[in-house]
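Have a look at the structure below, then the notes.
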2 protein chains.
Amino acid sequence: MTTDKKLIAVAAALLDTGGEDAVTLRAVGHASGLSHNAPYKHFENRDALLAAVATADFVWLAEAFKSVRQSSAEPAAKLMNALKVVIAFSVEHPARYRLLLSNPAIAAQKGDLESTAFIAFGEFIMIVQECQAAKALPDAPNTTLAGLLFATMNGLIAMEASGRMRPEKGLTSVESGLKTLVHLLAPKRR
Amino acid sequence: MTTDKKLIAVAAALLDTGGEDAVTLRAVGHASGLSHNAPYKHFENRDALLAAVATADFVWLAEAFKSVRQSSAEPAAKLMNALKVVIAFSVEHPARYRLLLSNPAIAAQKGDLESTAFIAFGEFIMIVQECQAAKALPDAPNTTLAGLLFATMNGLIAMEASGRMRPEKGLTSVESGLKTLVHLLAPKRR
DNA sequence: ACCTGAACACCGTTCAAGT
DNA sequence: ACCTGAACACCGTTCAAGT
């Protein structure tokens with residue numbers, strides 16, 4: 001493994017075990033068997049390293065979405081499966097998830113991160129499109145609908161991460177909230 | 001103004017002008033005309049000071065929601081007005097907004113912050129309830145529906161803050177996204 | 001080309017002391 | 001009760017130097 005890949009992997013591991021605060025460039029360097037400032041030979045600064053972690057995770061997410069899309073499930077099931085992929089990622093890697101969608105300083109970076117995020121979102125749009133063709137979702141512009149679903153998912157995940165998803169609020173889990181939304185959006189047949 | 005109120009006001013001002021990184025306890029102390037560690041005499045640590053800022057903002061938000069609710073507008077207009085209040089706050093005070101809903105380390109704090117957030121959300125629920133009574137929103141549990149709308153709004157705001165709300169994604173603004181959602185949720189009459 | 005070590009200018013936080 | 005000043009253990013980042 002090249003040094004830069006190693007640094008990204010170590011940073012990702014630190015995010016998982018200790019959260020964003022644990023990712024000091026000094027810790028990344030040492031955990032990689034290098035000096036405290038070796039990371040600077042591969043990344044411009046701390047934000048650039050974190051953006052590289054986010055980029056790798058978006059690549060993974062795009063692949064996961066693609067697998068779901070190419071599966072043999074019903075369109076509506078594919079949609080829920082895609083959402084579940086993100087939910088599971090946010091539960092297993094909360095700090096890394098926040099890097100993807102809730103950290104303006106990182107997410108706003110252009111280049112690889114931006115384009116990879118776009119590819120992942122493109123897969124999601126295609127799944128939404130299938131749902132619309134199957135009349136499982138209403139006939140709105142598909143990118144708009146996909147954006148709304150994605151935003152809702154992210155909002156629910158953030159709500160849960162903040163400990164604000166309480167039964168008194170009528171929400172018990174991200175998944176059930178999304179199921180309710182999809183159900184409410186489904187075209188009515190009367 | 002008591003010293004603790006002063007420190008909260010100074011911290012809020014620093015959040016507005018320089019973002020979260022600008023809020024060092026040293027800067028807060030100095031900008032308050034005190035020493036670098038005077039904040040420790042009023043707040044346990046940096047997170048506690050930030051939580052106090054968030055609490056004050058939730059109090060303001062609850063009042064703003066209440067004004068909207070008690071206005072003479074139509075229920076559906078009240079809903080959009082309440083959402084606009086939050087959107088405007090997120091635009092004018094992005095760093096403070098993130099403290100309210102997108103910062104687990106802060107948002108997860110119990111006590112005053114938690115209860116104030118709950119009061120603000122309660123006002124929002126009542127507005128949603130009025131919309132349901134007026135048939136402007138579907139007949140789902142009101143807390144669930146309110147939670148979904150709030151989560152979507154937060155997700156859209158985060159998406160915009162990350163620079164990911166691109167026309168290619170079919171979303172041009174937080175407000176138009178929410179209008180589309182409310183329109184899609186509106187009970188169909190055929 | 002890639003890495004190390006010293007150094008700088010910061011932080012949050014603690015503690016002893018002042019009034 | 002409230003505040004200051006010194007001190008500690010960190011950071012990100014820069015720079016000169018090594019191989």
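Just so it is clear, the model here is predicted, and its values are computed rather than measured. Proteins get letters first, then strands, A, B, ... in listed order; numbering begins at 1 in each.
- For the pair Glu114(B) (side chain) and Ala108(B) (backbone), a donor-acceptor distance under 3.5 Å is absent.
- With hydrophobic clusters built from ILVMFWY side chains whose heavy atoms lie under 4.5 angstrom apart, Tyr97(B) does not share a cluster with Val59(B).
- When atom types are taken as modelled, the side chain of Lys78(A) and the backbone of Val68(A) share no donor-acceptor pair closer than 3.5 angstrom.
- Put simply, the side chain of Gln109(B) gets close to the backbone of Asp47(B): a donor and an acceptor are under 3.5 Å apart.
- His183(A) NE2: 12 or fewer foreign heavy atoms inside a 6.0 Å radius.
- The backbone N or O of Met159(A) lies less than 3.5 Å from no partner atom in the side chain of Ser162(A), so there is not a single donor-acceptor pair.
- For the ring-ring contact (aromatic ring centres under 6.0 Å, His included) test, no residue two or more places apart in sequence or in another chain qualifies with His42(A).
- The local environment of CD in Glu44(A) is sparse, with at most 12 non-hydrogen atoms from other residues, nucleotides or ligands closer than 6.0 Å.
- Between chain B and DNA chain D, the heavy-atom contact criterion of under 4.0 Å yields a 5' to 3' nucleotide range of dC3(D) to dA7(D).
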Once pairs are restricted to Watson-Crick or G-U wobble with both distances under 3.5 Å, how does DNA chain C read as a dot-bracket string, [ ] for crossings and | for other-strand pairs? ||.|||||...|||||.||
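- Taking the ring-ring contact (aromatic ring centres under 6.0 Å, His included) definition, one finds that Phe65(B) meets it with Phe124(B), sequence neighbours left out.
- Residue-environment remark: CG (Asp139(A)) stays at or below the threshold of 12 foreign heavy atoms within 6.0 Å.
- DNA chain C is contacted by both Asn37(B) and His36(A); His36(A) maps to the nucleotide lying nearer its 5′ end (nearest heavy atom per residue).
- Atom-to-atom distance recorded for Thr152(B):OG1 and Leu148(A):CG is 7.0 Å, nearest 0.5 angstrom.
- Of the residues in residues 40-56 of chain A, those placing a heavy atom less than 4.0 Å from an atom of DNA chain D are Tyr40(A), Asn45(A), Arg46(A), in numerical order.
- Residues from residues 16-28 of chain A that place a heavy atom under 4.0 Å from any atom of DNA chain D, listed by number: Val23(A), Thr24(A), Leu25(A), Arg26(A).
- Between Glu20(B) and Arg98(B) no salt bridge is recorded (no basic side-chain N to carboxylate O distance below 4.0 Å).
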